[in-house]
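Remember, predicted model here, so these are calculated numbers, not experimental data.
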Amino acid sequence: AQVLVESGGDLVQAGGSLTLSCTTSGLNFEHYVLGWFRQAPGKEREGVSSITWTGASTYYADSVKGRFTISRDNAKMTFYLRMDSLKPEDTAMYYCAAGLGPYGGRWYAEDEYKYWGQGTQVTVSS
């Protein structure tokens, strides 16, 4: 079975940093494009960032560009989201996801990803 497990969510003050991890199993990991999504209370889930198979290309939502960094370690079958300069509006449940790609530019679309984790909560206090 394909399993994705997020970790690293926490309560942090504004301006702080967190690194989320997504550990996977049951995937031919290097064949998957990977993404991070988030859902704040009362809002729709949105794409945060994505990375292609070798890590050659990365994508970010405008709201996090310059503050968040996505990376992957194919040997560990794990990928990461480094979040710096966190803001209260970053508060959300964060989900990792994997898809076969290529997404034709639609990296932010949920239907491009087949497997999902259960989420990890990030709360940023002001």
Roughly how far, to the nearest 0.5 Å, is the [atom2] atom of [Y] from the [atom1] atom of [X]?
X: M93; Y: Q118; atom1: CE; atom2: CD; value: 9.5 Å
X: Y60; Y: I70; atom1: OH; atom2: CD1; value: 6.5 Å
X: R67; Y: S85; atom1: CZ; atom2: OG; value: 7.0 Å
X: Q2; Y: F29; atom1: CD; atom2: CZ; value: 13.5 Å

Is [X] reaching over with its side chain to a backbone N or O of [Y], donor-acceptor style, under 3.5 angstrom?
X: R45; Y: Q39; result: no
X: N28; Y: H31; result: no
X: D73; Y: A75; result: yes
X: R106; Y: P102; result: no
X: Y59; Y: G35; result: no

Quick one: closest heavy-atom pair of [X] and [Y], and the distance?
X: A40; Y: A92; answer: N-CB, 3.8 Å
X: G47; Y: A61; answer: O-CB, 3.5 Å
X: V48; Y: L81; answer: CG1-CD2, 4.2 Å
X: R72; Y: T52; answer: NH1-O, 2.7 Å
X: M83; Y: L86; answer: CB-CD2, 3.8 Å
X: L100; Y: V33; answer: C-CG2, 4.3 Å

Per the salt bridge (charged side-chain N to carboxylate O under 4.0 Å, His left out) rule, what does the pair list look like for residues 33-43, sequence neighbours excluded?
R38-E46, R38-D90
For F37 together with Y108, are the ring centres under 6.0 Å from each other?
no
Please step through side chain to side chain donor-acceptor pair (under 3.5 Å) for the pair D84 and S17, ending with a clear verdict.
CA-CA 4 Å; D84 295 314; S17 298; 2.7 Å; yes
Listed once per pair and sorted, the disulfide (SG to SG under 2.5 Å) pairs that draw on residues 74-126, sequence neighbours left out
C22-C96
So do [Y] and [X] actually touch side chain to side chain, heavy atoms under 4.5 Å?
X: L27; Y: L4; answer: yes
X: T24; Y: Y115; answer: no
X: V124; Y: E89; answer: no

Y103 and S50: CA distance, side-chain angles, deciding distance, side chain to side chain donor-acceptor pair (under 3.5 Å) verdict
CA-CA 10 Å; Y103 21 54; S50 185; 2.8 Å; yes
Summary of ring-ring contact (aromatic ring centres under 6.0 Å, His included) pairs that have at least one residue in residues 61-99, sequence neighbours excluded:
W36-F79
The side-chain contact (heavy atoms from CB on, under 4.5 Å) partner of E6 among T23, V122, T120 is T120
